[in-house]
Amino acid sequence: MIKKFILVIVLVSFRLVMVSQQDPMFTHYMFNTLWLNPAYAGTRNNLTFTGIHRSQWVSFEGAPIDQSFTLHSPIHSEKLGMGLSIINDQIGPTKSSWIALDAAYHLKLNKKAKLSVGLKGMVNIFRNNVSSLKLDVQNDQAFSNNVQSILPNAGTGIYYSTKKFYVGISSPRLIENKLGTSSAVLSKEQRHYFLITGYVLDINKSILLKQTAFVKTTFGAPVEADLTSVFIINDKLHLGLMYRTGDALGALLGIQAHKQFFIGYSFDWSFANTTGRYNSGSHEIVLRYDVIKKPEGKIKSPRYF
């Protein structure tokens, strides 16, 4: 069992340090913008609920399992936006649950463009239950002390958007809280900086191409980027491919079942030698529902972001 634990630590180290990823990883990052950038709150002009579940590195014991739930809405004549994010992340014996409140101010630059600034306040309920591990050597003091902490944090971001383009820069966790463990890779919450952008290109009357990118950077680790291309057919069927630098390839499938409801699935496979040989890929499901707030009771045009 101790060999498996060491392998978990190696893979987690790769996840946290080598690819700059301490926050949960989602292939559907474009549906998780509120968690990444508080300035996104209220920009869809409706009350929006989004849920994502990810099972990463399937068939490997102790692999990451993540859930994301967000809701956000404009308030006060759409000049302000408010949001709520709940994120669960489990890696072996380590669990983090983030609860965040977001507030954004929207400034209309013209009829087509909007600039938003946002603030995020959150707490991280962190648990490292090392005593739950099955050890070859019993009563090992290194695995006897569990860690439980409630860690406050704050973040900020800016977000520019039009109907078919957006770009945002953010850092959702500015405080580098210590996690109370002797493990070097988990000693503190690492500050990350995110750039997220996308645009929609008209191919013809029936087909659109949505290109998005998610760039992540943190001190002492390589820059990582997720690059995604999705074809939107008749504003209903979404077919796409994702490339994560140095790590994975993925495929995405989505259906706009109703103007208010979207369901999507993705599969990605890690081609990195450190992780790819030990798992059967990663699966993800996303659901999004818009509660229409327009008085006429309908969405005038599709919202791509």
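As the structure is a prediction and not an experimental result, all values here were calculated from the model. Atoms considered below: every heavy atom in the structure, side chains included; atoms not considered: hydrogens, waters and symmetry mates.
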Given side chains that start at C-beta, do those of [X] and [Y] come closer than 4.5 Å, heavy atoms only?
X: His238; Y: Leu252; value: no
X: Thr217; Y: Val215; value: no
X: Trp57; Y: Ser282; value: yes
X: Arg288; Y: Arg44; value: yes
X: Leu237; Y: Leu253; value: yes
X: Lys164; Y: Asp202; value: yes

Does any N or O in the side chain of [X] come within less than 3.5 Å of the main-chain N or O of [Y], such that one atom is a donor and the other an acceptor?
X: Thr162; Y: Phe165; answer: yes
X: Ser85; Y: Ala100; answer: no
X: Arg173; Y: Gly155; answer: no
X: Ser68; Y: Gly51; answer: no
X: Asp102; Y: Ala39; answer: no
X: His72; Y: Gly42; answer: yes
X: Thr218; Y: Arg191; answer: yes

CA sep, side-chain torsions, deciding dist, call: Asn153, Asn177, side chain to side chain contact (heavy atoms under 4.5 Å, CB included) = CA-CA 8 Å; Asn153 218 313; Asn177 291 304; 3.4 Å; yes
Identify whether [X] and [Y] are in the same connected component of the hydrophobic contact network (ILVMFWY, side-chain heavy atoms under 4.5 Å).
X: Leu174; Y: Leu119; answer: no
X: Tyr193; Y: Leu227; answer: no
X: Ile75; Y: Leu107; answer: yes
X: Leu209; Y: Ile207; answer: yes
X: Ile175; Y: Val123; answer: no

May I ask you to check whether over 12 heavy atoms, not counting those of [X], lie within 6.0 Å of atom [atom1]?
X: Leu109; atom1: CG; answer: yes
X: Phe231; atom1: CZ; answer: no
X: Lys95; atom1: NZ; answer: no

First locate atom [atom1] of [X], then atom [atom2] of [Y], and finally report the distance between them rounded to the nearest 0.5 Å.
X: Thr48; Y: Gln260; atom1: OG1; atom2: CD; answer: 10.0 Å
X: Leu71; Y: Leu84; atom1: CG; atom2: CG; answer: 5.0 Å
X: Asp66; Y: Ile87; atom1: CG; atom2: CD1; answer: 8.5 Å
X: Ile158; Y: Leu115; atom1: CD1; atom2: CG; answer: 6.5 Å
X: Asp247; Y: Phe271; atom1: CG; atom2: CZ; answer: 6.5 Å
X: Phe49; Y: Ser73; atom1: CZ; atom2: OG; answer: 9.0 Å

Please determine, by modelled atom types, if Thr245 and Glu224 share a side-chain donor-acceptor pair under 3.5 angstrom.
->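 Note: Thr245 and Glu224 side chains miss the donor-acceptor criterion.
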Are a donor atom and an acceptor atom from the side chains of Tyr289 and His258 found within less than 3.5 Å of each other?
->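 No, His258 and Tyr289 have no side-chain donor paired with an acceptor closer than 3.5 Å.
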Applying side chain to side chain donor-acceptor pair (under 3.5 Å), name anything that partners Thr212, two or more places apart in sequence or on another chain.
->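 Testing Thr212 for side chain to side chain donor-acceptor pair (under 3.5 Å), a comparison that skips the adjacent residues, returns Tyr29.
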List for me each residue that meets side chain to side chain donor-acceptor pair (under 3.5 Å) alongside Thr27, sequence neighbours excluded, and say none if there are none.
->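 Applying side chain to side chain donor-acceptor pair (under 3.5 Å) to Thr27 gives Arg54, Arg244, Asp268.
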Between Lys259 and Asp235, is the closest basic N to carboxylate O distance under 4.0 Å?
->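 Salt bridge flag = no for Lys259 with Asp235.
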Please identify each residue that fulfils side chain to side chain contact (heavy atoms under 4.5 Å, CB included) with Lys236, with sequence neighbours left out.
->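 In terms of side chain to side chain contact (heavy atoms under 4.5 Å, CB included), with neighbours along the sequence ignored, Lys236 is linked to no residue.
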How far apart are the closest heavy atoms of [X] and [Y], and which atoms are they?
X: Thr70; Y: Asn32; value: CG2-OD1, 4.0 Å
X: Met122; Y: Pro172; value: CE-O, 3.2 Å
X: Thr33; Y: Ile196; value: OG1-CD1, 4.0 Å
X: His106; Y: Ser116; value: ND1-OG, 2.7 Å
X: Glu284; Y: Met25; value: OE1-O, 4.3 Å
X: Gln148; Y: Arg127; value: CG-CG, 4.0 Å

Angle class for the His192/Phe194 ring planes (parallel below 30°, perpendicular above 60°, tilted otherwise)?
->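 Judged by the thresholds at 30° and 60°, the geometry between His192 and Phe194 is tilted.
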Would you check, one step at a time, whether the test side chain to side chain contact (heavy atoms under 4.5 Å, CB included) holds for Leu241 with Ser229?
-> CA-CA 6 Å; Leu241 295 173; Ser229 296; 5.7 Å; no
List the steps, then state whether side chain to side chain contact (heavy atoms under 4.5 Å, CB included) holds for His53 with Ile65.
-> CA-CA 8 Å; His53 173 85; Ile65 298 177; 3.7 Å; yes
Which one of Phe214, Tyr159, Tyr304 satisfies the ring pair (Phe, Tyr, Trp, His ring centres under 6.0 Å) criterion with Tyr166?
->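 The option that passes is Tyr159.
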Looking at Trp98, Phe69, Phe26, which hits ring pair (Phe, Tyr, Trp, His ring centres under 6.0 Å) with Trp35?
->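 With Trp35 as partner, Trp98, Phe69, Phe26 yield a single ring pair (Phe, Tyr, Trp, His ring centres under 6.0 Å), made by Trp98.
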Given side chain to side chain contact (heavy atoms under 4.5 Å, CB included), test Leu201 with Gln211 step by step and report yes or no.
-> CA-CA 8 Å; Leu201 178 66; Gln211 303 265 44; over 6 Å; no
Centroid-to-centroid, Phe31 to Phe262, below 6.0 Å?
->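 Close enough - the centres of the two rings lie under 6.0 Å apart.
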Please say which of Asp89, Asn124, Asn88 ends up in a side-chain hydrogen bond (donor to acceptor under 3.5 Å, both in side chains) with Ser97.
->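 It is Asn88; the other options fail the test.
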